[in-house]
Enquirer: 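Below: one structure in structure tokens.
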2 protein chains.
Amino acid sequence: MEHHGEGSISSNTDYMRMKRSKRHTPRQIQRLEALFKDCSHPCEQHKLQLSRELALSPRQIDVWFQNKRAQMKTREERYDNPKLIEENDKIRSENITIREALENVICSTCGGPSINVDCDFDEQKLRIENAQLKEENFNG
Amino acid sequence: MEHHGEGSISSNTDYMRMKRSKRHTPRQIQRLEALFKDCSHPCEQHKLQLSRELALSPRQIDVWFQNKRAQMKTREERYDNPKLIEENDKIRSENITIREALENVICSTCGGPSINVDCDFDEQKLRIENAQLKEENFNG
DNA sequence: AGTCATGACGTAATAACATGA
DNA sequence: ATCATGTTATTACGTCATGAC
């Protein structure tokens, strides 16, 4: 109900404090955002200046910046999450590829089907087993 | 801003002292949380029942569940993010370990220092290179 | 048939407030 | 006091179902 489209229409002058909407005007927000880009914690002076300039109480300026900082934080997280998941999947599949390569190794000198690897004393084997176990631990 | 003064009569119980606190009482929240665990989208019946039971308007019940769902969503994300980063690191290190193992392979039959792997025609080699490139792509 | 309005209900953003460190 | 964080309430926008034309 009541979709007012005010924002784009009355652009001629400053907004009369539209009775209905408690939102800040686009102009106010634009100004606030501009400052926020430079500094997310405005000093007292900036705060008071904005207060006069935008006809908002200092308290409102304060609240706006607090809310904005919180918003940015969660917005970052929402953005990082899918990125991490994708990256995760890719590395995992690379992992499998290399593991397969390791099993299909063929010796170049004896040309034989040398399926197996080096010594048992070496830590190498242990480390690989270890990695395998940790991997299973995640998936399980 | 002056909002409603709603019938927050706090019924018979103890929480009279918070005069104009807009917070819901612990008892109310406890009850709401309990139902939320079972279903995050309560039907009309449940809503009305809660409304009577907790002396909150149906609208308030509605709003509480909406806010709760949003809260849960961001809470999940906050929790997943560090988990994903940790997982990511571990898989990455496994990756390196296996890669090293692949280079230090020694043939078991000829006992030689068979450093190298199989044929050039095989897709194996390509796949490994591919993985390597993709990996670099991430880090760069 | 369609299409246009309207309402019910959802999420997302936001303003204001409350609290603890 | 200021700030991060969480809570309550409102607004904006989207979708879907229903109904009149």
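Worth knowing before you read on, the calculation uses all heavy atoms, side chains too, and leaves out hydrogens, waters and symmetry mates. Throughout, protein chains are lettered first and strands after them, A, B, ... in sequence-line order, and every chain is numbered starting at 1.
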Enquirer: Without decimals, in angstroms, what is the distance between Trp64(A) CH2 and dA13(C) C1'?
Expert: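 Going from CH2 in Trp64(A) over to C1' in dA13(C) covers 13 Å.
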Enquirer: Specify the separation, in whole Å, of atom CD of Gln60(A) and atom C1' of dC17(C).
Expert: 13 Å
Enquirer: Whole angstroms only, please: what is the CD-P distance between Glu44(B) and dA8(C)?
Expert: 11 Å
Enquirer: Check the distance between dT19(C)'s P and Ile29(B)'s CD1 and give it to me in whole angstrom.
Expert: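 Roughly 12 Å, once rounded to whole Å.
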Enquirer: Which of the following nucleotides, dC17(C), dT10(D), dA15(C), is nearest to the side chain of Arg59(B)?
Expert: dT10(D)
Enquirer: Taking only N and O in the side chain of His24(A), is any of them less than 4.0 Å away from OP1 or OP2 of dA16(C)?
Expert: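 Yes, within the criterion.
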Enquirer: In whole angstrom, give the distance that lies between atom CG of Leu56(A) and atom P of dA15(C).
Expert: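 Between P of dA15(C) and CG of Leu56(A): 10 Å.
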Enquirer: Protein-nucleotides 16-18 of chain D N/O pairs closer than 3.5 Å?
Expert:
none

Enquirer: Report the distance from atom CG of Asp62(B) to atom C1' of dT10(D), rounded to the nearest whole Å.
Expert: 13 Å
Enquirer: What nucleotide, of dA16(C), dT11(D), dC3(D), holds the atom closest to the side chain of Gln66(A)?
Expert: dC3(D)
Enquirer: Can I get a per-line list of side-chain donor-acceptor pairs under 3.5 Å for residues 45-52 of chain B, giving both atom names and the distance, sequence neighbours left out?
Expert:
from     : atom 1 : to       : atom 2 : distance (Å)
Lys47(B) : NZ     : Asp62(B) : OD2    : 3.4
Ser51(B) : OG     : Leu56(B) : O      : 2.6

Enquirer: Quick one: Phe36(A) CZ to dC3(D) P, roughly how many Å, whole number?
Expert: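 Taking CZ of Phe36(A) and P of dC3(D), I get 12 Å after rounding.
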Enquirer: Would you mind reading off the distance between Leu48(A) atom CG and dT2(D) atom P, rounded to a whole angstrom?
Expert: 10 Å
Enquirer: With the threshold set at under 4.0 Å for non-hydrogen atoms, list the residues of residues 67-82 of chain B touching DNA chain C in residue-number order.
Expert: Arg69(B), Lys73(B)
Enquirer: dA4(D), OP1 or OP2 - any side-chain N/O from His41(A) closer than 4.0 Å?
Expert: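 Indeed, a polar side-chain atom of His41(A) lies that close.
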Enquirer: Answer yes or no: is there a donor N or O on one side and an acceptor on the other, between the side chain of Glu33(A) and the main chain of Gln30(A), under 3.5 Å?
Expert: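 Judged by distance alone, no pair lies under 3.5 Å.
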